[in-house]
Number of protein chains: 2
Amino acid sequence: MSKERVTLSHVAQRAGVSAMTVSRALRSPDKVSPALLRRIEKIVAELGYVPNPAARALASGRTNVIGALIPSVTNNVFSDVLRGIYAATEDGPFEVQLGNTRYSPLTEEKLLAVFLSQKPAGLIVTGIDQSPASRRMLEGASCPIVQIMEIGSGPIDMMIGFSHYDGAAAATRHLIETGSRFPAFVGARMDPRTQRRFAGFRDVCSAAGCFSMSRCVTTPTPSTVTLGTRLFADLVARHPEVDGVFCNNDDLALGILFEAQRRCIAIPEKLTVCGFNDLEMMAAAEPSITSVRTPRFAIGRRAVEMIVARLADPGPDTGRGAAERVDTGFELVARQSTARRPR
Amino acid sequence: MSKERVTLSHVAQRAGVSAMTVSRALRSPDKVSPALLRRIEKIVAELGYVPNPAARALASGRTNVIGALIPSVTNNVFSDVLRGIYAATEDGPFEVQLGNTRYSPLTEEKLLAVFLSQKPAGLIVTGIDQSPASRRMLEGASCPIVQIMEIGSGPIDMMIGFSHYDGAAAATRHLIETGSRFPAFVGARMDPRTQRRFAGFRDVCSAAGCFSMSRCVTTPTPSTVTLGTRLFADLVARHPEVDGVFCNNDDLALGILFEAQRRCIAIPEKLTVCGFNDLEMMAAAEPSITSVRTPRFAIGRRAVEMIVARLADPGPDTGRGAAERVDTGFELVARQSTARRPR
DNA sequence: GCGATCGCTGTTAACGCTATCACATGGGAG
DNA sequence: CTCCCATGTGATAGCGTTAACAGCGATCGC
């Protein structure tokens, strides 16, 4: 058993053809006669030939790498998106290169430069708030690009997501409709999407005449269940009148549930609670927690599919096809934590 | 602004030196005169030169890719490990290539073949239960390899993790010591590590004379909070006498907490509960939940560090250095859910 | 003062693959 | 019976980088 790598020419030699033909047999099988194709495939299997992606990339100027820029790997939201991305790529020829921007535009710029220099097959970026420099790089790129998780105007190329503002607005309306007169906002890691959720909350409350900035507690630190308990403790200490909380995500909502139980504040009788994203555990909680369901897995999968489709058919325009912009919507899932009749 | 890629020779031309010198300036700065080095660095920055990794890989026969084979991206456990891996790589020259084995040995074999063909700088694989084929491939590989999450005998190369058997045994002992006479086991996704946890539970219970197979409910499906509620419902329906539960992970434990609340089964008075992994929310829950803390982030980070260290100093042996085998241990964190005096 | 040595830089030749064009064959249209 | 084109295959030339060695002053030891 030789330690040496099996290359195209080894296969070619064994098959009595040129390396180019073997390359074609693997890359575009329809351009090789069927009999020869079978013979080559057999030899490839025998020798255990695996193409060298570096050589391929160098020679062709393209790679089969789809780059994905995600702000966090820990956050449940993005692990679902990631799962969708992996699900969509695992049958195809593409592989995923993950970049963790850690919510930093600067990190994103750096990663973008690195990714783009590798001539990726496509790029997935999170959100619509790229820095000017990032945006310039992306606009100059020659591969399909999908902005995910959010929709807005002026897509760089393609876009799939939903309106965080509308999602939060719907949740807030629900809180008010189920009788909250002193609604509060609890938010962590105030990234742009979170801020738009806050805006949705604020505008709906203002319109209903029940907005109070001092009932909004936020922090730049990442959201956790424990953080939810703390922020809620702060909130009730300052505002015992609070009778409804919109959390900018489910971790916080769960923390509030626990802290309320600890303080014997009945949910939903004394306090209604609504989260965001609808993580699996929201339905299982006691009481179950109302949340805004977002199609995270689908967004990840669809983003890859959009890139693959574009690659297969670049569209009528030279270069980029017509920009696709998909609004996935969201769904307010009302549960026990807001099951209260309005007075 | 030219669309053309900036290559080494562009930089070289501008600097009035050969491409090789620029390559050296970037790769081993100490072999280039300081003045020239500065000049080259300036031009690199000006031109925005980014090395082509494909060309580098092809020419040098090595890559700076560390491959990581993980059974799940969704599972909180592995997202923490992943975070550790990313944390350790983000300052260095290495990048991570993630492979999702989805708990399938066959998928793992395929991914391994692909990864190894790319001559990675190092490889991280999960667990110690590689298939014979996988093991052969890994043993034949010429890069550092770390098996993570578990320790056992006969490491392929390096290894970092803890004993799942011992962790479960400690938890079970704790359940019995805090007064459980009819302890139960609830487990999902019975992968090898989970099974060893079960073995720990079983052996400790048997030794204490309180093991009953029919009080062990398991399922091959992935663990979720909702699944925890269901399995617990099944369990109490068949065994109302159960007064303590060891869950093979925290999702299930949380589900059990919720289901117990729904059924007004007081925790810890009527039922004690212990999870595994000590996810963040265990401490925040009401009542807080006892769990076995495992150093997931540290394992991920350390695994990368072990690879980097090996790469820097291959050790005395030809090829591979002395195998490193790190037992990180675990920590039983007792909380309210098991706060009961033994009778 | 002279060869030996060191430090820095250049030249050449790959690495494994694919783009491109050239070439050979065979069949169908005129 | 030509001519043309489609089809399948081969030869050649890179892609951008690094390994390996060659060269060439300058410094050093004796």
When rounded to whole Å, the NE2 to C1' distance for the pair B/H10 and D/dT17 reads 14 Å
Should A/S60 be listed as having a side-chain N or O under 4.0 Å from OP1 or OP2 of C/dT18?
-> no
Mind calculating the distance between CZ (A/R39) and C1' (D/dT9) to the nearest angstrom?
-> 12 Å
Integer-rounded Å distance: C/dC8 C1' and B/R27 CZ | 18 Å
Check ion pair B/E324-B/R310 (N to O, under 4.0 angstrom) = no
Figure out the CZ/C1' separation between B/R56 and C/dA14, and round it to whole Å.
-> 17 Å
Taking NZ, NE, NH1 and NH2 as the nitrogens, is one of them in B/E90 or A/R102 under 4.0 Å from a carboxylate oxygen of the other?
-> yes
Please determine if a side-chain N or O atom of B/T21 lies less than 4.0 Å away from the OP1 or OP2 oxygen of C/dT9.
-> no
Quick one: on DNA chain D, does A/L36 or B/P53 contact a more 5' nucleotide (nearest heavy atom)?
-> A/L36
Taken to the nearest whole Å, CG/A/L26 to P/C/dC17 is 9 Å
Can you check whether A/R62 has a side-chain N or O nearer than 4.0 Å to OP1 or OP2 of C/dA19?
-> yes
Do you know which two heavy atoms are closest between A/E108 and A/T126, and how far apart they sit?
-> OE2-O, 4.4 Å
Which residue, B/A55 or B/K31, contacts DNA chain C at a nucleotide closer to its 5' end, judged by nearest heavy atom?
-> B/K31
Let me know the distance between CG of A/N52 and C1' of D/dC15, rounded to the nearest Å.
-> 13 Å
Among C/dG10, D/dT9, D/dT18, which nucleotide sits nearest the side chain of B/R24?
-> C/dG10
Atom CG of A/L8 and atom C1' of D/dG10: how far apart are they, to the nearest Å?
-> 14 Å
Are B/R189 and B/D191 within salt-bridge range, i.e. N to O under 4.0 Å?
-> no
Could you give the CG-to-P distance, from A/L58 to D/dA13, as a whole number of Å?
-> 18 Å
Within the structure, does a side-chain N or O atom of A/S33 lie under 4.0 Å from either OP1 or OP2 of D/dT9?
-> yes
Rounded to the nearest 0.5 Å, what's the gap from CG on B/L8 to CE on B/M20? Could you check?
-> 8.5 Å
Would you classify B/S18 as touching base, sugar-phosphate or nothing, given that sugar-phosphate means primed atoms plus P, OP1 and OP2, and contacts are heavy atoms under 4.0 Å?
-> base
Closest to side chain of A/M20, choosing from D/dA20, C/dA19, D/dT17 = C/dA19
